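Only one structure is covered here, and it is reproduced in the block below.
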Amino acid sequence: MNADSGAPPLAPPAQLPPEQPPPWRRVATPAGVLAAVAGAFAYVGTVDPNQPGHYPVCPLYALTGLYCPGCGGLRSAHAFAHGDLLGALHDNAAGVAAYLAFAVLWTLWTVRAARGLPVRLVLGRTPLWVLGSVLLVFTVVRNLPFGGAIRP
């Protein structure tokens, strides 16, 4: 529009808020993720990883004899599925922390989705570096002679 014409500038058209889907549809994705995780835990709870031949051996352990941060994770999930928290912590304490973190984040996700609120998890560089450092220390300690308490 020409500024010399003296006519007022046009206002942008009013935007209507987007229509929200029904609550059951908003929680469909978190429910699907929970079903997949529950199915995985049910499988690991049924098929014992302590019996040889059911699951592959950790490639890092097979090649080097060193435990990675995930070593013992299936045994930990099996113990956790059977309610043996101490056994799960012994097999992989980082795994138990991850199970609990998943439960908290999934609950927040579901509540926010049910309310129609945006769900965003934005981690800066510092928390990612801290998480990586904690996993590195966990890995190093469990491979040292005095780290037998957290070795699978």
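Because the structure is a prediction, the values reported are computed rather than measured. Values below: every heavy atom of this structure, side chains too, minus hydrogens, waters and symmetry copies. Residues take their numbers from the sequence shown, with the count starting at 1.
Judged purely by atom type and a 3.5 angstrom limit, R26 uses its side chain to pair as donor or acceptor with the backbone of A113.
The CG atom of L131 sits 12.5 Å away from atom OG1 of T126, with the distance rounded to the nearest 0.5 Å. Expressed to the nearest 0.5 Å, how far NE2 of H82 lies from CZ of F41 amounts to 11.5 Å. One distance of note links CG of D91 with CG of L86; it measures 11.0 Å at 0.5 Å rounding. In this structure, H78 NE2 and T46 OG1 are separated by 8.5 Å, a value rounded to the nearest 0.5 Å. Going from atom CG of N143 over to atom OG1 of T64 covers 7.5 Å, rounded to the nearest 0.5 Å. Here the OH-CG distance, from Y61 to L66, works out to 9.5 Å after rounding to the nearest 0.5 Å.
When all heavy atoms are compared, the tightest approach of V27 to T110 is CG1-O, 3.9 Å. For the residue pair A79 and G87, the shortest heavy atom distance occurs at CB-C, 3.9 Å. A pairwise comparison of heavy atoms in L60 and C68 identifies CD2-CB, 3.6 Å as the closest pair. In this structure, L135 and P69 approach most closely via the heavy-atom pair CD2-CB, 4.3 Å. The minimum heavy-atom distance between R142 and P152, with the atom names listed, is NH2-CD, 3.2 Å. Taking every heavy atom of both residues into account, N92 and C71 meet most closely at ND2-O, 3.1 Å.
In this structure, the side chains of P118 and R112 come closer than 4.5 Å at one or more pairs of heavy atoms. The closest side-chain heavy-atom distance from Y67 to I150 is not below 4.5 Å. Side-chain contact between F80 and V44 is absent, with no heavy-atom pair separated by less than 4.5 Å.
Partners of L108 under the side-chain contact (heavy atoms from CB on, under 4.5 Å) rule, at least two apart in sequence or in another chain, are V104. D84 meets the side-chain hydrogen bond (donor to acceptor under 3.5 Å, both in side chains) test with no other residue; sequence neighbours excluded.
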- Run the numbers on W109 and V33 for side-chain contact (heavy atoms from CB on, under 4.5 Å), then give the verdict. CA-CA 11 Å; W109 178 23; V33 169; 3.6 Å; yes
- Task: Evaluate the side-chain contact (heavy atoms from CB on, under 4.5 Å) criterion for residues H54 and D48: first the C-alpha distance (whole Å), next the side-chain angles of each, then the deciding distance (0.1 Å), finally the verdict.
- Result: CA-CA 8 Å; H54 293 294; D48 190 356; 5.6 Å; no
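Annotation for Y99: atom OH counts as buried by contact number, over 12 foreign heavy atoms lying within 6.0 Å.
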